[in-house]
Protein chains: 4
Amino acid sequence: MSGTRRDPAGRRREIVAAMADLMCHGEPKITHRRVAQHAGVPLGSTTYYFASLDDLRSAALEFLAEKVDADLAETAELLDASDGSPETVAAMFHDYLSDAERVRTELVLYSASLARPELAVVSRRWFSGLVDLLSRLTDRRTALTMAVFVDGACMHAALNDEPLDLPLLQDLTRSLMTGTADRPRLRAPEETEPRTS
Amino acid sequence: MSGTRRDPAGRRREIVAAMADLMCHGEPKITHRRVAQHAGVPLGSTTYYFASLDDLRSAALEFLAEKVDADLAETAELLDASDGSPETVAAMFHDYLSDAERVRTELVLYSASLARPELAVVSRRWFSGLVDLLSRLTDRRTALTMAVFVDGACMHAALNDEPLDLPLLQDLTRSLMTGTADRPRLRAPEETEPRTS
Amino acid sequence: MSGTRRDPAGRRREIVAAMADLMCHGEPKITHRRVAQHAGVPLGSTTYYFASLDDLRSAALEFLAEKVDADLAETAELLDASDGSPETVAAMFHDYLSDAERVRTELVLYSASLARPELAVVSRRWFSGLVDLLSRLTDRRTALTMAVFVDGACMHAALNDEPLDLPLLQDLTRSLMTGTADRPRLRAPEETEPRTS
Amino acid sequence: MSGTRRDPAGRRREIVAAMADLMCHGEPKITHRRVAQHAGVPLGSTTYYFASLDDLRSAALEFLAEKVDADLAETAELLDASDGSPETVAAMFHDYLSDAERVRTELVLYSASLARPELAVVSRRWFSGLVDLLSRLTDRRTALTMAVFVDGACMHAALNDEPLDLPLLQDLTRSLMTGTADRPRLRAPEETEPRTS
DNA sequence: TATGAATGAGTCTTCATTCAT
DNA sequence: GATGAATGAAGACTCATTCAT
């Protein structure tokens with residue numbers, strides 16, 4: 001009955017989580033009232049725990065960054081327990097991209113960096129964390145390439161509400177990790193139009 | 001009488017461009033006054049030409065979409081005039097990613113899509129336009145893969161204020177387009193700790 | 001019917017005057033709403049014309065300072081047209097102190113200087129203006145003394161809602177300006193208690 | 001257990017003193033938090049000891065009034081122990097006016113009276129106390145005149161952060177108490193522009 | 001047509017006050 | 001008895017929008 005009240009840390013976290021959630025859903029007009037309502041706390045609480053709405057926003061972004069770190073760590077474990085084959089990696093990518101929430105989080109983090117340069121640090125941490133992770137499987141340069149691709153796949157997933165299909169991811173990882181594609185892909189520009197020449 | 005005045009269409013466009021510019025720079029609080037100031041027009045103009053701020057915002061996004069289309073068309077021409085080799089394509093990517101403004105525009109368009117689903121159409125148009133473009137060079141599936149990578153590279157460029165380096169882009173395009181990498185990249189997990197040599 | 005509206009300067013002045021009036025009456029809690037109500041204008045007007053409540057307060061103090069200057073100038077004219085005798089000066093003091101509004105204004109100006117050192121300039125201008133004025137009648141040192149006394153008399157009048165009585169003012173001016181009192185005033189401390197010793 | 005705690009009366013007094021101090025320094029926005037911080041006590045204490053902020057404010061003004069009374073009493077003693085000569089009185093005035101804190105206190109008390117008529121009682125008590133005091137040295141009417149002057153000198157000191165110079169005070173007290181100035185001070189208006197000499 | 005004065009709705013923020021602990 | 005978490009009322013301030021000119 002009273003467990004909920006008088007739990008400063010918990011309440012604070014609830015508010016932050018609510019703000020983060022709204023941000024990840026692209027809410028265009030986030031106000032104290034909206035956050036309070038979403039968190040199920042009275043208006044005053046949002047201002048009691050945070051000196052300004054901007055502070056709350058910062059806390060939420062930090063919160064998201066931690067979530068990203070946690071995801072990264074979790075993925076690292078899975079990776080270590082796996083065989084590290086392109087197929088497995090592709091499957092993990094697919095799983096990752098299937099989590100709409102997570103995918104949006106990344107987009108939010110990225111676009112927030114635009115307006116607030118100090119946030120770029122967080123986004124870059126995510127990115128370099130991913131590169132580090134992939135470096136366990138391949139050389140650093142390829143890991144970087146793969147990470148860039150994953151970012152693009154995130155955008156794509158955020159935009160289409162579904163991840164790229166698994167076979168494509170498999171092809172890509174195989175191609176990048178082994179340097180061997182299953183078939184030649186070059187096509188001359190002319191080829192596009194004419195059939196019979 | 002001076003030529004600058006009495007050009008309704010021009011003034012309207014100035015306002016739209018100002019709004020678009022502010023949006024691309026991540027301005028957090030865009031108001032009529034801010035846009036008017038940025039465009040160098042009186043406050044009243046912004047409300048005279050647009051029924052609401054939201055209308056103006058929509059016009060700006062349309063404006064950006066057109067810009068994207070124009071970029072796409074321009075790139076298409078360049079591509080047609082080129083030899084279509086992976087190196088050339090990589091160079092074009094590099095050029096494209098070097099334009100910070102453009103790269104930001106894409107990120108803005110993407111994150112705006114999050115908040116306003118109707119915009120996802122615009123973003124998807126950009127993406128499929130890119131795929132169509134690349135399809136002139138390779139099969140549709142590879143083109144899709146490349147487009148995803150370009151999106152990722154855009155995010156990366158927006159975040160780091162500089163594009164990925166050209167060699168990496170070259171490796172990637174070559175790898176995807178020819179299915180041939182210059183060297184094997186797979187590294188077995190075991191390899192990290194050599195057993196018997 | 002429309003003369004009142006669309007008169008920016010006039011409306012601005014109304015608001016300033018309302019604020020000044022409230023300040024002079026020692027209103028403890030001056031808010032936008034209170035000023036708006038007192039000036040008979042809508043709430044928005046008070047924020048439209050002044051970037052902040054503090055700006056409005058500053059404008060009001062400037063307004064009061066101008067009023068003080070005007071009073072000073074007016075008094076100067078009266079003084080020039082007078083015979084400059086102590087009696088006349090005393091009478092003018094009495095008139096001055098009889099204006100409750102004016103007397104309060106001075107107190108407000110003084111106490112505002114406490115909280116906002118930049119206002120001390122205004123208060124000092126009033127004071128030195130008074131000294132200059134009195135310097136036309138007597139030496140500067142005596143003028144200073146008289147000005148200090150007038151300040152004290154202002155405080156007294158503000159506190160008691162009525163000026164010091166005329167005879168006292170006459171005695172004082174005569175005493176200071178001529179250096180001649182009508183009777184000796186020294187009384188030995190012992191004299192207070194014992195009658196017969 | 002350390003002696004500092006468990007001293008309700010002492011803590012109460014600390015809070016009151018902190019409030020009084022803030023008031024005397026012209027703090028524009030006095031809140032519970034501000035007082036608590038200034039007094040070095042927890043926020044709760046300020047509401048625990050005083051039913052409302054207004055109560056606390058009243059207590060502080062009472063506190064200041066007592067301080068004024070104490071000053072008055074102390075001055076009375078000094079006066080009784082002195083020779084009561086104008087020079088001595090002037091020196092005492094000078095001492096009094098040299099205490100910036102005290103001088104501000106009076107101004108605060110006066111201006112507070114404006115907003116809260118019930119405080120005028122306190123201010124008048126100070127003033128009549130001063131008159132009583134000076135009445136031990138001279139007739140009541142002159143004492144009143146001197147008290148008014150001292151009030152003016154307080155304003156002047158508060159505004160300039162330093163008291164009037166001693167010689168001026170000496171001249172004034174001598175002039176008022178003996179009715180004898182060291183030199184004639186009248187200057188005829190004509191004198192400004194000499195006619196025929 | 002074009003502009004800026006005008007206004008009130010809505011937001012952030014502060015804070016007196018209450019009250020669980 | 002003391003304290004700080006908690007909250008809603010209230011104020012400063014912003015600004016979209018309206019409208020007189």
Side-chain angles (χ1 to χ4, degrees), chain A residues 1-12 15 29-36 41-57, chain B residues 5-8 11-12 15 29-36 41-57, chain C residues 1-12 15 29-36 41-57, chain D residues 5-8 11-12 15 29-36 41-57:
Chain A
M1 200 175 290
S2 62
T4 315
R5 307 186 65 185
R6 296 286 158 177
D7 176 13
R11 173 154 283 206
R12 198 190 139 96
I15 296 170
K29 191 76 183 178
I30 302 184
T31 67
H32 278 129
R33 283 159 179 74
R34 197 150 192 67
V35 175
V41 302
L43 170 61
S45 292
T46 60
T47 58
Y48 179 72
Y49 285 99
F50 301 90
S52 75
L53 194 56
D54 223 60
D55 267 19
L56 175 48
R57 238 185 309 256
Chain B
R5 306 180 61 188
R6 299 286 160 179
D7 177 13
R11 172 156 283 198
R12 196 190 140 94
I15 296 170
K29 192 75 183 178
I30 303 183
T31 67
H32 278 128
R33 283 162 177 74
R34 209 162 195 65
V35 175
V41 303
L43 167 61
S45 293
T46 59
T47 55
Y48 180 70
Y49 287 101
F50 301 91
S52 79
L53 194 58
D54 224 60
D55 270 16
L56 174 48
R57 227 178 326 247
Chain C
M1 200 176 286
S2 63
T4 314
R5 308 186 67 185
R6 299 282 158 177
D7 175 14
R11 174 155 282 204
R12 198 190 140 97
I15 295 170
K29 191 75 182 178
I30 303 184
T31 67
H32 278 128
R33 284 160 178 72
R34 198 152 192 65
V35 175
V41 302
L43 171 60
S45 293
T46 60
T47 57
Y48 179 73
Y49 284 100
F50 301 91
S52 76
L53 195 55
D54 223 60
D55 267 18
L56 174 48
R57 239 184 309 257
Chain D
R5 304 180 63 185
R6 299 285 158 180
D7 176 12
R11 171 155 284 200
R12 195 190 141 94
I15 296 170
K29 192 77 185 175
I30 303 183
T31 67
H32 278 128
R33 282 162 179 74
R34 206 159 196 67
V35 175
V41 303
L43 166 63
S45 293
T46 58
T47 55
Y48 180 70
Y49 287 101
F50 301 90
S52 78
L53 194 58
D54 224 59
D55 270 15
L56 174 48
R57 228 179 324 248

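Just so we're on the same page: letters track the sequence lines, and every chain starts at 1.
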To the nearest Å, give me how far apart CG (A:D7) and P (F:dG4) are. 18 Å
Could you measure the distance from the OG1 atom of C:T46 to the CG atom of C:L53? Nearest 0.5 Å is fine. 8.0 Å
Minimal non-hydrogen separation, B:R34 against B:K29, with atom names: CD-O, 3.3 Å
Under 4.0 angstrom, heavy atoms only, what part of the nucleic acid is D:L56 near: base, sugar-phosphate, or nothing? nothing
Winner on side-chain proximity to B:K29, out of F:dC15, E:dC15, E:dT13, is F:dC15
Give the rounded distance in Å between these two atoms: CG of D:D55 and P of E:dT18. 12 Å
note: C:R12, atom CZ; E:dT7, atom P; distance rounded to Å ~ 16 Å
Numerically ordered, the residues 41-49 of chain B set in heavy-atom contact under 4.0 Å with DNA chain F is B:T47
Between C:T31 and B:I30, whichever has its closest DNA chain F nucleotide further toward 5' is C:T31
Applying side chain to side chain contact (heavy atoms under 4.5 Å, CB included) to A:S45 and not counting sequence neighbours gives A:R11, A:I15, A:V41, A:P42
Atom pair CG (D:L56) and OG1 (D:T47), whose distance is rounded to the nearest 0.5 Å: 10.5 Å
Is any side-chain heavy atom of C:R12 closer than 4.5 Å to one of C:F50? yes
Quickly work out the B:D54 CG to F:dT17 C1' distance and round it to whole Å. 13 Å
Specify the separation, in whole Å, of atom NE2 of A:H32 and atom P of F:dA9. 17 Å
Given atom CD1 of A:I15 and atom P of E:dT13, what is their separation to the nearest angstrom? 14 Å
Using OP1 and OP2 only, check whether a side-chain N or O of C:R11 sits under 4.0 Å from E:dT7. yes
Integer-rounded Å distance: E:dT13 C1' and A:L53 CG: 10 Å
Is there side-chain contact between D:H32 and D:V35, with at least one heavy-atom pair below 4.5 Å? no
So how far is it from A:T31 OG1 to A:L43 CG, rounded to the nearest 0.5 Å? 8.5 Å
For A:S52 and for D:S52, find the nucleotide of DNA chain E with the closest heavy atom, then tell me which residue's nucleotide is more 5'. A:S52
In whole angstroms, the gap separating P of F:dT3 from CZ of D:F50 amounts to 14 Å
Whenever both distances are under 3.5 Å in a Watson-Crick or G-U wobble pair, mark it; put DNA chain F into dot-bracket that way, with [ ] for crossing pairs and | when the partner is on another strand. .||||||||||||||||||||
Quick one: which of F:dC15, E:dA2, F:dG11 gets closest to the side chain of C:R33? F:dG11
